[in-house]
Amino acid sequence: MKGDSTSRGTVALIVTAALWGSNHVAGRAVRETVPLPALVFWRWIPAAIILTIIAWPALRQAWPAIRPRLGGLIAGGTVGVGLFSYCLLGGAYQSLAIEVGFINATTPVWVLLLGRWMEREL
């Protein structure tokens, strides 16, 4: 059974990477017909609704811990999802999808460098 679990995990990672990478291509493809803010909004609203429905039981249970941190969570989500998506797709509107993909592939390096820098600042 372990091999089956490993195979499913590998497939899930490949599908995740393909879906993530398709953002650049989709953003580039619709740049002439869909305004950037509308694309970001309509990309995340259905996802937020679906994820909320799936996570609802856990959210209700964790609400006492979430409530005092709600403002920070909303701010973090707005920047981490909204602003990131706006910038990433905005780049795809202006650049080739392959260029955006290459730059986005360096994200782990930037996270590491910024994390190290912020660690020193704290």
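Since the structure is predicted, the reported quantities are computational estimates derived from the model, not experimental observations. Side-chain atoms are counted along with the backbone in the values below, which use heavy atoms only and exclude waters and symmetry mates.
Under a hydrophobic-cluster definition in which Ile, Leu, Val, Met, Phe, Trp and Tyr are linked whenever side-chain heavy atoms come within less than 4.5 Å, directly or via other members, L59 and I74 are assigned to the same cluster. L39 and V81 fall within a single hydrophobic cluster, where Ile, Leu, Val, Met, Phe, Trp and Tyr are joined by side-chain heavy atoms under 4.5 Å apart, directly or via other members. When the side chains of ILVMFWY residues are joined at heavy-atom separations under 4.5 Å, either directly or via intervening members, I103 and F84 end up in two distinct hydrophobic clusters. V30 and V100 fall into different hydrophobic clusters, where Ile, Leu, Val, Met, Phe, Trp and Tyr residues are linked whenever their side-chain heavy atoms come under 4.5 Å apart, directly or through other members.
Closest heavy-atom contact between I53 and P57: O-CD, 4.2 Å. Taking both residues in full, the closest heavy atoms of Q94 and R28 are given as C-NH1, 4.0 Å, listed atom of the first, atom of the second, then distance.
Note that the CD1 atom of I14 and the CG atom of L19 stand 12.0 Å from one another [nearest 0.5 Å]. Considering CD1 of I49 and CH2 of W44, their distance stands at 13.0 Å, rounded to 0.5 Å. We find the OH-CZ distance between Y86 and F41 to be 14.5 Å, quoted to the nearest 0.5 Å.
Looking at heavy atoms from C-beta onward, F102 lies out of side-chain contact with L96 at the 4.5 angstrom threshold. Side chains of H24 and L88 form a contact here, defined as non-hydrogen atoms less than 4.5 Å apart.
R43 meets the side chain to side chain donor-acceptor pair (under 3.5 Å) test with N23, S85; sequence neighbours excluded. Judged as a side chain to side chain donor-acceptor pair (under 3.5 Å), and not counting sequence neighbours, T33 has no contacts.
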Identify all side-chain donor-acceptor contacts of residues 63-72 below 3.5 Å with residues at least two apart in sequence or on another chain.
unit_1	atom_1	unit_2	atom_2	d
R69	NH1	A65	O	2.6

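Between T52 and W56, the side chains place no donor N or O within less than 3.5 Å of an acceptor N or O (distance only, hydrogens not considered).
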